[in-house]
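Here's the structure we're looking at; comments come further down.
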Amino acid sequence: MSADRISEYLAQFAQMRGQMMDQLRRVIVGQTEVIDQVFAAVFTRGHCLLQGVPGLAKTLMVSSLSQILDVSFKRIQFTPDLMPSDITGTMILDEPEPGRRAFRFSKGPLFANVILADEINRTPPKTQAALLEAMQEYQITVGGTRHKLAEPFFVLATQNPIEQEGTYPLPEAQLDRFMFNIFVDYPDEEEEFRIVKQTTADVPFEITRTLAAEEILNLARIVRRVPIADHVTRYALQFTRLTRKEKGKVPDFIRDYVSWGAGPRASQYLVLGAKARAVLQGRYFATCDDIRAVAAPVLRHRIITNFNAEAEGIKPDDIVRRLIAAIPADEFEKSAGGKLPEVFRPANAG
C-alpha cells in the first residue's frame with residue numbers, strides 16, 4: 001500500500017474520531033479511556049460490556065453514540081420476565097385479505113444496527129441464549145427459519161457489578177463474545193463538578209449524526225488491513241497462553257490464583273484492539289504498547305480466578321497487571337523472527 005494511501009486512511013480516521021469525540025463531549029464529561037475503547041470496538045465490529053455502579057452515564061454514553069452513528073438503534077431493558085420472543089420477534093397470525101389467513105414474522109428489537117442491552121444480567125439464561133446467536137452469527141432463528149441481521153451489528157450491554165440479588169450471571173460462553181469488558185469508574189472531583197454544572201442548567205444538547213453504516217464497515221476493513229509484526233502477535237499470544245496452567249510452563253501466580261484461562265478468541269481481540277488503537281492514534285502499525293493497553297478490557301472477563309484469589313482479594317485485573325510485568329516486551333521486540341525468548345521473568349507478587 002502506498003504512503004499516500006496510508007496517509008489518506010489515517011486522516012480519515014482522525015477526522016471521524018475527532019467528530020465523534022466532539023459530539024460525545026456535548027453530553028459526556030471525562031471517561032476518555034472508556035470512550036476510546038468503545039470506539040475501538042465499533043471500528044472492529046466488536047461487542048462491549050460496560051460495568052459500573054449506577055449513575056456513571058453508561059446508558060447515556062451508549063444512547064448518545066447511537067445518535068452519532070447514522071444507523072438504527074434499539075434499547076432493550078432486560079428484566080426477569082423477558083422472553084426470547086420479546087427480543088427476536090415472533091410469528092403472528094395475520095389476515096392480509098378477507099377469508100385468507102397466514103403467519104407473518106414480526107421483527108423484534110434485535111433487528112437494528114446498535115442494540116443497547118441495559119442490565120443484561122437481569123434476564124434468564126434462555127433469553128441470554130437468544131442474544132448469543134445474534135452476537136456470534138449475526139442472525140436469529142425463529143420457527144426454524146433463519147433471519148439475517150443488518151450490518152453493522154453491535155451489542156453494547158450494561159451491567160451493575162454491585163447488586164447481585166435477582167440477577168442471572170452471564171455464562172462464560174456469552175461473556176467470551178464480548179470483545180471488551182469496560183470498567184466505568186467514578187469521575188474525579190473536577191469532572192464531577194463539570195457534570196453537576198452541566199446537568200443542572202437549562203441548556204439543550206444536540207447531537208449530529210456523523211457516521212453512516214457503510215462508512216463504519218469501510219473503516220472496519222481498514223483496521224483489519226493494519227500490519228502487525230510477528231513478534232507483536234507472539235507477544236499478544238503470551239497474554240492468553242500464560243493463563244492456561246494446564247498447558248506448559250506458567251508463572252506461579254497463575255497456578256495459585258487462576259482456575260481457567262483465556263481462549264483463542266482473546267488473542268484475536270488483543271490483536272484487533274491493538275490495530276484499532278494504533279489507527280485511532282494516527283499510526284498504521286500496531287506495537288506491544290497497544291497490546292498492553294487493551295489487555296485488561298480483553299482479558300478481565302476471560303480469566304476465571306479460584307477461591308485462593310477470592311480469599312486474598314485478587315481480581316482478574318491484578319492478574320493482567322502481573323502478566324504485563326512478567327512478559328518482557330523488549331525481548332520480543334529484539335527477536336523479530338528468530339527463536340522465541342524466555343516468555344516471562346519473575347514478577348513481584350505484590
Lys275 side chain to Val226 backbone, donor-acceptor under 3.5 Å: yes

Does Asp118 reach the main-chain N or O of Thr158 with its side chain, forming a donor-acceptor pair under 3.5 Å? no

Are the side chain of Arg45 and the backbone N or O of Phe154 linked by a donor-acceptor pair below 3.5 Å? no

Step through it carefully: locate the ring centre of Phe178, locate the ring centre of His301, and say whether they are under 6.0 Å apart. no

Could you tell me whether a side-chain N or O of Asp176 sits under 3.5 Å from a main-chain N or O of Glu172, the two making a donor and an acceptor? no

Name the orientation class of the two ring planes belonging to Phe43 and Phe39 (parallel below 30°, tilted from 30 to 60°, perpendicular beyond 60°). tilted

Is Asp252 salt-bridged to Arg255, cutoff N-O under 4.0 Å? no

Does Val29 offer a backbone N or O that forms a donor-acceptor pair with the side chain of Gln198 under 3.5 Å? no

For the hydrophobic clusters of this structure (ILVMFWY residues joined by side-chain heavy atoms under 4.5 Å, transitively), does one cluster hold both Val250 and Ile324? yes

Is it true that the side chains of Arg25 and Ser64 contain a donor and an acceptor less than 3.5 Å apart? no

Among Val298, Thr243, Leu299, find the one that has a side chain to side chain contact (heavy atoms under 4.5 Å, CB included) with Val320. Leu299

Presence of salt bridge, Arg17 and Asp36, under 4.0 angstrom: yes

Listed pairs under 3.5 Å, donor-acceptor, residues 186-194 side chains, sequence neighbours left out:
from   : atom 1 : to     : atom 2 : distance (Å)
Asp188 : OD1    : Glu190 : N      : 3.3
Asp188 : OD1    : Glu191 : N      : 2.8
Glu191 : OE1    : Asp188 : N      : 3.3

Test your reading of the model: is there a side-chain donor-acceptor pair from Thr123 to the backbone of Thr79, 3.5 Å cut-off? yes

Heavy atoms, side chains only, cut-off 4.5 Å: are Arg75 and Gln77 in contact? yes

Under the 3.5 angstrom rule, does the side chain of Glu215 hit a backbone N or O of Ala212 as a donor-acceptor pair? yes

My understanding is that only one of Phe105, Phe73, Tyr138 makes a ring pair (Phe, Tyr, Trp, His ring centres under 6.0 Å) with Phe111; could you say which? Phe105

